[in-house]
2 protein chains.
Amino acid sequence: MVTTATDIAKQAGVSQATVSRVLSGKGAQARIAKTTQAKIQALAKELHYRPSFAGQALVRGKTRSIGFMCGDICNPHFNELADLAMREVEKRGFHLVLAVIKWDATQNNLEAFDSLLARGVDGVIYFGADIRKGTAQHTQITGGKFPFVSIEQAFNGLPSIVSDNQIGLDEAVAHFKENGHRRLAYFGFAEPDKELPLARAAKRHGLSLSRHHVTIPLGAWAQIPQRVRAAAHQFADLPERPTAVFVSSDHLAHVFASGLWDKGLRIPEDVSVIGYDGTAAGGFMVPPLSSVDFDNERVIRLAVDTVCAQIEGRAGAAKKMVVPTRLLVRKSVVPVP
Amino acid sequence: MVTTATDIAKQAGVSQATVSRVLSGKGAQARIAKTTQAKIQALAKELHYRPSFAGQALVRGKTRSIGFMCGDICNPHFNELADLAMREVEKRGFHLVLAVIKWDATQNNLEAFDSLLARGVDGVIYFGADIRKGTAQHTQITGGKFPFVSIEQAFNGLPSIVSDNQIGLDEAVAHFKENGHRRLAYFGFAEPDKELPLARAAKRHGLSLSRHHVTIPLGAWAQIPQRVRAAAHQFADLPERPTAVFVSSDHLAHVFASGLWDKGLRIPEDVSVIGYDGTAAGGFMVPPLSSVDFDNERVIRLAVDTVCAQIEGRAGAAKKMVVPTRLLVRKSVVPVP
DNA sequence: TTGAAAGCGCTAACAG
DNA sequence: CTGTTAGCGCTTTCAA
């Protein structure tokens, strides 16, 4: 049914090894006769030859594929990242295998990681979901031998790429201030990486800061939207409602905006908002969402470079890379009335 | 470095075949001594044994993975579908390999398909992008032998799952009419599958219908957003602007809404809109977008069932399955002023 | 209850 | 310039 190199060898009257040499591009180097090459090439085309993935993987000990672990792929930040990763990885001759982290799992483990290893990936790019958890066991599994790079979350000793949120958040707060806002709020999951820099920035610029956390019980992952919406409703009903809100992700900002809308509030007329991630999707919100931009391109390029280097043995490289964030000004912040 | 079955066999003092039997769950059936089983299991755990993907794939002739081809993964319809497909496929013990169709390729070919085959998938679920093209060559490649199912686009003779747009579009038009709208517009790419049923429905309900096509030159895929936005601007400036618009996808509806906003127009106050796809993302638009729902769950379940059946030799099954669409009423249609 | 052996499709080292 | 040979890690007869 499926054509193998041996089939071609038989028909061409040469050895299977010769076929392999020609078809894997080593023909020139091995100085195979032009005529033989041509014959084999022709046969290969005619019989729709396609090297067996499993055969190659087995003998090479590599599948030439890289795993990408991330949260809910319906979150624009993750799908935009996955899209970039796919292109970047393919550019280097690898395949990308996606694995979505299952937060609704009963255990707090990352089955996705096991799934990727079972799938035979040569390395993994790990990008935790919105809510981060310790994953000691898997860090151990990797043990520093397996090509691995983590985005945003730094595992001890393993290469990681984290963003410097202070810069972007400073700009965000400054932007709010320039527009006359005095009462700032944080809206989102509990994320110290964002809340601490935000608090610092607020202090620096003399704005008050309140925090509005959305909490999701373990296993209730599916009801995130409802809970976020409910939290937005609560926010809308606040007596001394802040006029400026930093939402911890663009994805949440969508739901937040929708929740405000339910209550008859509008962005930016009633409340000015800045998101986080700088997604393209945010640019199509009504109004276009200003956001702290994560520099996806750079992060992904670094991540892919890092795993590839490890896979190909050219190790070394920095252990921890820091990428700056910056404010992306669109239309969701206006002067306070 | 990596533990193999042979390693375990050596340490356990048994043959590698026995290890394989135990570890692949055939221990009971092959009546291996309980003690032997226990010893092997223990060793496997201790040494972090993980069957080699390539080894298994080679001997089985199957990778137990299914390819999913679709358009831009940043389009909510596609990422919601991919997400479902992933879960559905994993439920059956397969992996999903994503391949995004590259419309910006110079050739009108689907490299994604080749990429999947190179990746050794056992079957393919094909879901064309917004703009569909003939892909004769690949239809030939599949030749009816390779497990394959197409969503929305019916290839000659191959299993396919298409939606019945007439139902949903009738409901959509009826909904517009109930709200007093008389002038209806189609906004989107040229898609006969949607435009024809829409025209029929409009006629039936006595509404006028104008068409506003967004055209993208081949290779200009990257500038879709700008072009859609520009088209929305043009629409906004129309002298006799329709009050009701059917947008060919929720994804486009986002951009359309954003384009109207640029011009100071609001949904639903100035124009009522119904999208297509019924994405969850549409539910977070401001205002929540009414949409013709595609019944993702059902389509994906059918698709996965169909490829799996082919892969596992239980062939047969219907050649062409039709899934009804229906209107999902949210908040983007209001009575005409 | 278990071992020996064959072979999946491919690459690469070693001979010519 | 090309053939032979030896595995890669696993499953699966066939024997014992």
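Note on naming: letters A, B, ... go to the chains in the order of the sequence lines (proteins, then strands), and numbering restarts at 1 for each one.
By the side chain to side chain contact (heavy atoms under 4.5 Å, CB included) test, B:L84 pairs with B:N296, B:E297, B:I300, sequence neighbours left out. Among residues two or more places apart in sequence or in another chain, the salt bridge (charged side-chain N to carboxylate O under 4.0 Å, His left out) test is passed with B:K45 by none. Take A:S15 and apply the side chain to side chain donor-acceptor pair (under 3.5 Å) test, not counting sequence neighbours, and it matches A:T18. Residues that satisfy the ring pair (Phe, Tyr, Trp, His ring centres under 6.0 Å) test with A:H95, not counting sequence neighbours, are absent from this structure. Remark: A:S163 engages A:E152, A:N165, A:Y276, A:F294, A:T325 in a side chain to side chain contact (heavy atoms under 4.5 Å, CB included) (not counting sequence neighbours). Scored by the salt bridge (charged side-chain N to carboxylate O under 4.0 Å, His left out) test, A:E88 finds A:K91, A:R92 as partners (sequence neighbours excluded). Residues forming a salt bridge (charged side-chain N to carboxylate O under 4.0 Å, His left out) with B:R60 (at least two apart in sequence, or on another chain): none. The side chain to side chain donor-acceptor pair (under 3.5 Å) check on A:S52 picks up nothing, with sequence neighbours excluded. Taking the salt bridge (charged side-chain N to carboxylate O under 4.0 Å, His left out) definition, one finds that B:D7 meets it with nothing, sequence neighbours left out.
Heavy atoms of B:Y49 sit under 4.0 angstrom from primed sugar atoms or phosphate atoms, though from no base atom. Heavy atoms of B:G13 sit under 4.0 angstrom from primed sugar atoms or phosphate atoms, though from no base atom.
The outermost nucleotides of DNA chain C lying under 4.0 Å from heavy atoms of chain A, listed 5' to 3', are C:dG9 to C:dA13. Protein chain A touches strand DNA chain D; the 5'-most and 3'-most nucleotides with an atom under 4.0 angstrom of its non-hydrogen atoms are D:dC1 to D:dG9.
Taking the six-membered ring for Trp and thresholds of 30 and 60 degrees, A:Y126 and A:F148 have nearly parallel ring planes, at less than 30 degrees apart.
Contacts with DNA chain C (heavy atom under 4.0 Å) in residues 15-24 of chain B: B:S15, B:A17, B:T18, B:R21, listed by number.
In terms of position on DNA chain C, the residue among A:Q56 and B:V59 whose nearest nucleotide sits closer to the 5' end is B:V59.
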